[in-house]
Amino acid sequence: MQALTNRAKPVDRSPLTFLEKMYVPAIAKGMGITFKHIFKRKATVSFPEQRRQFSPVFRGLHVLNRDEEGRERCTACGLCAVACPAEAITMEAAERKPGEEHLYREEKYAARYEINMLRCIFCGFCEEACPKDAIYMSETFAPSNYQRKGFIYGKQDLLIPDPKQQSK
Amino acid sequence: MTLLSIDWFFILEKILLISAVLVLSLVVAMYSTWGERKVAAWIQDRLGPNRAGPMGLLQPLADGGKLFFKEEIIPTNSNRFLFILGPSVAMMVACMTSAVIPWGDTLTIAGHPVSLQVADVNIGILFIFGVLSVGVYGIMIGGWASNNKYSLLASVRAASQIISYELPMGLALIALLMLTGTLSLKEIVEQQRHDYWNVVYQPLGFFIFLVTAFAETNRAPFDLPEAENELNGGYHLEYSSMKLGFYLFAEYINMFVSSALMATMYFGGYAFPGMDSLGVSPNLLTILGFLALFVKILVFIFFFMWVRWTVPRFRYDQLMRLGWRVMIPLALANMLITGAVVLARQH
């Protein structure tokens with residue numbers, strides 16, 4: 001059979017020589033290698049104290065965005081839920097009442113917006129599908145909770161803080 | 001009336017010494033588990049335990065506490081008495097060996113000379129050899145009493161391994177005994193104090209002893225009785241809680257004692273070069289000697305760990321071939337050559 005690469009090596013099946021049978025030179029060589037590794041740079045990242053640098057396209061936990069005036073951008077169009085291959089997103093739409101213009105950007109908004117973080121596969125399709133730039137994936141990751149229901153993130157977990165209230 | 005004229009100072013001294021040696025071996029064994037994990041981590045480019053206390057130094061306490069709080073499980077079909085006897089024997093035998101090791105020279109406390117050796121018996125090496133052979137009974141009894149085929153296989157392996165490697169170990173020791181002419185470990189150390197270390201005269205003997213010590217303590221690459229991947233942990237498969245802890249602890253104490261033995265018999269024990277020309281007080285010299293011995297022991301313990309994280313486990317047939325067809329002929333040759341040289345020097 002023709003080799004796929006020129007790196008193929010035939011397996012050496014010749015019987016062990018006397019020196020190889022003694023094991024000792026091979027063991028000494030191996031111990032030299034392991035000893036060198038003692039002084040090598042450790043691959044471990046001590047997680048909570050040290051954090052690894054993420055790439056700019058890292059997809060962490062989701063956030064729901066607001067516009068400059070602090071109004072929710074989401075209009076509950078449902079495109080993210082449709083795009084979601086894991087079916088992790090559910091939402092309930094509601095109509096904006098008069099006097100709520102400072103809360104919601106458009107006439108329709110999401111009264112309930114839930115992402116099940118245990119179902120989510122962090123593919124980022126929701127982010128791509130969103131026509132209103134409402135959902136983004138942040139750099140936060142590794143959520144923890146004591147109960148499964150704690151992983152169903154509602155609006156209070158997802159919405160970013162109001163920029164207007166922040167400045168006050 | 002002779003019964004009443006007991007030397008109370010002597011008894012107190014021995015009790016204190018025994019407690020000190022016991023505590024020392026337990027603490028060293030405890031921190032060997034920490035050291036083992038650290039060495040393993042470093043060799044594998046990791047950091048090792050570093051959460052419990054500074055540098056993870058409280059990790060052994062956490063592990064010990066965990067073992068104490070674990071549920072104690074004794075299998076229904078096991079032999080209850082033997083099941084409990086197994087780890088007890090392993091632990092007791094592991095601690096017994098340290099009695100004849102000279103941990104240092106003599107200290108003078110309040111005018112009394114205190115030898116830092118629990119018992120200077122004139123058959124020290126024979127005693128150690130005997131006790132080491134009993135050590136395998138802990139494993140055998142435990143593996144048998146578990147009523148589990150993996151444990152039983154492990155104990156069969158342990159027994160045959162000890163038989164195969166005790167022979168070359170004994171033969172290597174005979175060569176050393178011909179050279180030193182004494183079985184007392186104290187005298188062996190004193191001889192090395194005024195001469196070169198025995199490893200200079202017995203390099204091959206030391207090598208054989210080192211390899212067989214690995215086999216006797218069931219350390220990798222000879223850890224067939226506790227092979228995790230073939231025997232599910234081997235003889236301590238059915239054990240939990242502190243009984244498992246005893247088995248694991250006994251292994252580390254054995255490692256400590258074998259390191260102490262190798263340091264004593266081949267590397268001068270508490271003697272170190274330039275010891276007698278230092279010109280310090282005898283008490284300080286004794287303490288320095290003890291520290292020298294301790295450093296030697298730690299180096300050996302590190303070596304044990306270093307080998308464990310380098311060399312893969314032997315196959316059973318390789319183990320037997322190495323024992324019977326390499327180690328024993330080598331040890332025999334070593335013994336014959338040593339005997340011939342000793343005889344030639346006498347004439």
Side-chain angles (χ1 to χ4, degrees), chain A residues 7-55 57-61 117-118 122 138-148 150-151, chain B residues 35-56 168 203-204 206-212 214-215 219-222 299-315 317-327 329-331 333:
Chain A
R7 285 175 299 179
K9 271 187 197 166
V11 180
D12 182 13
R13 290 196 195 281
S14 56
L16 297 180
T17 60
F18 179 72
L19 213 62
E20 283 171 330
K21 263 190 212 158
M22 276 183 32
Y23 298 132
V24 176
I27 287 175
K29 197 176 149 198
M31 288 181 66
I33 292 171
T34 46
F35 195 73
K36 261 190 261 164
H37 272 268
I38 292 179
F39 306 103
K40 279 212 174 152
R41 206 176 67 84
K42 309 300 175 211
T44 313
V45 178
S46 302
F47 165 60
E49 298 95 40
Q50 298 170 16
R51 276 163 196 260
R52 193 169 297 194
Q53 189 71 46
F54 289 132
S55 74
V57 293
F58 181 80
R59 301 191 295 263
L61 295 182
M117 290 299 174
L118 295 175
F122 301 95
S138 66
E139 290 215 330
T140 322
F141 66 106
S144 58
N145 213 297
Y146 287 108
Q147 285 169 316
R148 280 174 165 261
F151 285 104
Chain B
E36 173 105 56
R37 292 171 67 179
K38 274 286 184 193
V39 169
W42 291 334
I43 283 177
Q44 295 165 358
D45 293 344
R46 295 183 285 115
L47 293 174
N50 60 357
R51 294 286 144 166
M55 288 173 73
L204 186 61
F206 166 68
F207 181 73
I208 293 166
F209 191 86
L210 182 71
V211 174
T212 49
F214 274 89
R219 292 283 301 179
F222 300 103
V299 169
F300 273 117
I301 289 181
F302 171 74
F303 186 77
F304 267 95
M305 293 170 180
W306 182 15
V307 167
R308 171 165 178 191
W309 297 104
T310 306
V311 186
R313 185 180 301 129
F314 281 115
R315 230 187 311 136
D317 63 314
Q318 288 171 332
L319 176 94
M320 284 295 142
R321 191 178 300 136
L322 188 72
W324 290 94
R325 284 172 56 181
V326 180
M327 282 302 166
L330 263 183

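What you see is a predicted model; the values in this text were computed from it and never measured.
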Count the heavy atoms belonging to other residues, nucleotides or ligands that lie under 6.0 Å from [atom1] of [X], then report whether that count exceeds 12.
X: B:R325; atom1: CZ; result: no
X: B:F302; atom1: CZ; result: yes
X: A:Q53; atom1: CD; result: no

Distance, nearest 0.5 Å, that separates OG of A:S46 from CG of B:L47:
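Reported value, rounded in 0.5 Å steps: 5.0 Å.
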Looking at B:R46 and A:K42, what are the two nearest heavy atoms and their distance?
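Nearest heavy atoms, B:R46 then A:K42: O-CD, 3.1 Å.
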Chain B heavy atoms under 4.5 Å from A:F39: which part of the residue, side chain, backbone, both or neither?
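Neither part; nothing is under 4.5 Å.
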Name the region of B:R321, side chain, backbone, both or neither, that has any atom closer than 4.5 Å to a heavy atom of chain A.
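No part of B:R321 comes within 4.5 Å of chain A.
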Checking heavy atoms, do the side chain of B:V311, its backbone, both or neither come under 4.5 Å from chain A?
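Contact with chain A: side chain only.
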Can you confirm whether B:W42 sits close enough to A:K40 that some side-chain heavy atom of one is under 4.5 Å from a side-chain heavy atom of the other?
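Answer no - side chains too far apart.
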All side-chain contact (heavy atoms from CB on, under 4.5 Å) counterparts of A:T34, not counting sequence neighbours:
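Residues passing side-chain contact (heavy atoms from CB on, under 4.5 Å) with A:T34: A:M31, B:I43, B:W306, B:T310.
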